[in-house]
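Just so we're clear, the structure is a prediction, and the values are computed from it rather than from any experiment.
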Amino acid sequence: MAPGSAIFDVDGTLTDTNHLHVVAWWEAFRQAGHTVPMPDIHRAVGLGSDDLIERLLGPDRDRDQDSAISSAHKVLYGTYFDRLAAFAGAGDLLRTLAGRGWRVVLATSASGPELAALRRAVDADEAIRDTASSDDVDEGKPSPEPVELALELAGTDAGQGVFVGDTVWDMEAASRAGVRAVALLSGGIPRADLEAAGADAVFRDVADLLAHLDDSPFAPERG
């Protein structure tokens with residue numbers, strides 16, 4: 001397709017951070033007196049804090065704990081900021097797409113110092129046009145709102161957009177926004193789950209996508 005907006009999730013997609021979130025959430029729940037299995041937390045990563053807590057503790061929980069749990073996660077995860085790691089090829093992929101005329105926008109539930117730390121890890125700020133963070137939307141993924149905002153920031157319509165993510169929430173958000181969805185297996189979610197949630201193409205990780213750009217939704221139009 002002709003270059004349009006290349007929208008990227010960050011955690012688990014560009015950066016190897018999903019399991020750090022799992023550990024931080026597990027400890028935050030433990031401090032509040034809850035034992036939540038790590039596999040359950042892993043499958044909820046990618047949701048905003050409020051939705052993640054709702055999914056894991058249910059509607060009958062003591063909601064007065066929500067703020068403390070979320071704050072504990074933020075503090076615990078913050079201890080990793082100085083050593084967050086991008087996946088190999090993440091920055092190269094963004095720079096390559098920008099060089100081909102794609103407008104690169106991040107759509108992530110991260111914000112503030114966390115987002116800054118993630119961007120430092122990716123180290124491709126020159127290729128990133130803008131960011132749709134959790135501070136900018138009322139509802140996070142799987143709502144289409146973050147993807148729709150990214151399209152607006154890029155100045156393109158849905159038909160010109162490709163979204164790259166690693167969770168079912170990413171795929172559902174992309175599908176609801178009407179953009180093509182590329183899934184990466186680097187976040188640890190099974191291929192079948194990602195395809196069932198709307199993935200148009202699946203790659204192992206950013207390096208695999210970069211190596212096969214011309215066989216992906218980012219392939220240039222041939223005329």
Please collect all ring pair (Phe, Tyr, Trp, His ring centres under 6.0 Å) contacts where either partner lies in residues 125-149, sequence neighbours excluded, each pair once. none
Say whether, by atom type as modelled, one donor and one acceptor occur between the side chain of Thr79 and the main chain of Leu76 under 3.5 angstrom. yes
Within the 4.5 Å heavy-atom criterion, are Leu93 and Leu209 side-chain neighbours or not? yes
Identify the two heavy atoms, one from Ala86 and one from Val122, that lie closest to each other, and give their separation to 0.1 Å. CB-CA, 3.9 Å
Evaluate whether atom CG of Asp138 has more than 12 neighbouring non-hydrogen atoms of other residues, nucleotides or ligands under 6.0 angstrom away. no
Verify, without hydrogens or angle tests, whether Thr17 (side chain) and Leu20 (backbone) share a donor-acceptor contact under 3.5 angstrom. no
Nearest atoms (heavy-atom pairs only) where Arg100 meets Pro3: O-CG, 3.3 Å
Looking at every heavy atom in both Ala117 and Leu84, which two are closest together, and how far apart are they? CB-CD1, 3.9 Å
Does the side chain of Thr35 reach to within under 4.5 Å of the side chain of Arg30, using non-hydrogen atoms? no
Consider only side-chain heavy atoms of I, L, V, M, F, W and Y, link residues closer than 4.5 Å, and tell whether Val168 and Met38 are in one cluster. yes
About how many Å separate OG1 of Thr167 and CG of Leu47, when rounded to the nearest 0.5 Å? 7.5 Å
Angle class for the Phe8/Phe218 ring planes (parallel below 30°, perpendicular above 60°, tilted otherwise)? parallel
Classify the side-chain pair Ser111/Ser133 by whether it contains a donor and acceptor separated by less than 3.5 Å. no
Should Ser186 and Arg204 count as side-chain neighbours, where that means a heavy-atom distance under 4.5 Å? no
Main-chain N/O of Gly48 paired with Asp51 side-chain donor or acceptor, under 3.5 Å: no
Testing the basics here: between Gly198 and Ala181, what is the closest heavy-atom pair and its distance to 0.1 Å? O-CB, 3.8 Å
Within the distance-only criterion (no hydrogens, no angle test), does the side chain of Asp157 pair as donor or acceptor with the backbone N or O of Gln160 below 3.5 angstrom? yes
Hey, can you tell me if Tyr77 and His73 have their rings parallel, tilted or perpendicular (30° and 60° cut-offs)? parallel
Taking Ala68's backbone N and O only, do any of them form a donor-acceptor pair with Ser71's side chain (distance below 3.5 Å, no angle check)? no
Could you check whether any side-chain heavy atom of Val162 comes within less than 4.5 Å of a side-chain heavy atom of Ile7, counting everything from C-beta outward? no
Could you grab the distance from atom CG of Asp16 to atom CG of Asn18, nearest 0.5 Å is fine? 8.0 Å
What about Val182 and Val206, same hydrophobic cluster or not, with Ile/Leu/Val/Met/Phe/Trp/Tyr joined at side-chain heavy-atom distances under 4.5 Å? yes
Under 4.5 Å between side-chain heavy atoms, hopping through other hydrophobics if needed: is there a path connecting Phe163 to Leu153? no
Which value, rounded to the nearest 0.5 Å, describes the distance between Met171 atom CE and Asp200 atom CG? 9.0 Å
Qualifying ring pair (Phe, Tyr, Trp, His ring centres under 6.0 Å) pairs, either residue in residues 30-52, two or more places apart: His19-His42
Please check if the side chain of Ser5 supplies one atom and the backbone of Thr156 the other of a donor-acceptor pair under 3.5 Å. no
Short question: side chain of Glu148, backbone of Ala177 - any donor-acceptor pair under 3.5 Å? no
So CZ of Arg95 and CG of Asp123: to nearest 0.5 Å the spacing works out to 6.5 Å
Main-chain N/O of Pro144 paired with Arg176 side-chain donor or acceptor, under 3.5 Å: no
Specify the closest pair of heavy atoms between Ala197 and Ser175, including all atoms of both residues, with the distance to one decimal. O-OG, 3.6 Å
Stepwise side-chain contact (heavy atoms from CB on, under 4.5 Å) test for Leu151 and Arg103: CA-CA 9 Å; Leu151 288 169; Arg103 301 176 183 185; over 6 Å; no
What I'd like to find out is whether the side chain of Leu94 reaches to under 4.5 Å of the side chain of Leu14, using heavy atoms alone. yes
How long is the span from the CG atom in Leu115 to the OG atom in Ser134, to the nearest 0.5 Å? 8.5 Å
Residues passing the side chain to side chain contact (heavy atoms under 4.5 Å, CB included) test with Asp66, sequence neighbours excluded, are Ile53, Arg61, Arg63
Any side-chain heavy-atom pair of Leu185 and Arg191 under 4.5 Å: yes
Transitively linked via ILVMFWY side-chain contacts under 4.5 Å: Phe81 with Phe87? yes
Does a salt bridge link Glu172 with Lys141, judged by any charged N lying under 4.0 Å from a carboxylate O? no
Asp50 meets the side chain to side chain contact (heavy atoms under 4.5 Å, CB included) criterion, sequence neighbours left out, with none
Flag the pair Leu106 / Leu118 as yes when at least one side-chain heavy-atom distance between them is below 4.5 Å, and no otherwise. no
Trp25 side chain reached by Val36 side chain, heavy atoms, under 4.5 Å: no
Hey, mind stepping through Arg120 and Asp82 against salt bridge (Lys or Arg N to Asp or Glu O under 4.0 Å) and telling me if it holds? CA-CA 9 Å; Arg120 283 196 300 272; Asp82 63 346; over 6 Å; no
Listed partners of Glu152 passing side chain to side chain contact (heavy atoms under 4.5 Å, CB included), at least two apart: Leu149
So does Ala32 get a backbone contact from the side chain of Gln65, meaning a donor-acceptor N/O pair under 3.5 Å? yes
Looking at CG of Leu184 and CG of Asp205, how far apart are the two atoms once the value is rounded to the nearest 0.5 Å? 7.0 Å
Under-4.0 Å salt bridge between Asp193 and Arg43: yes
How about Arg119 and Thr131: does a side-chain donor come under 3.5 Å of a side-chain acceptor? yes
Could you give me the CA-CA distance, side-chain angles and deciding distance for Asp166 and Thr13, then say whether side-chain hydrogen bond (donor to acceptor under 3.5 Å, both in side chains) is met? CA-CA 6 Å; Asp166 68 295; Thr13 299; 3.0 Å; yes
Following the transitive rule for hydrophobic clusters with a side-chain heavy-atom cut-off under 4.5 Å over Ile, Leu, Val, Met, Phe, Trp and Tyr, establish whether Leu56 and Ile189 coincide in one cluster. yes
Pairs in or reaching into residues 168-212: which pass ring pair (Phe, Tyr, Trp, His ring centres under 6.0 Å), with residues at least two apart or in two chains? none
I need the minimum non-hydrogen distance between Val105 and Ala150, along with the two atoms involved. CG1-CB, 3.7 Å
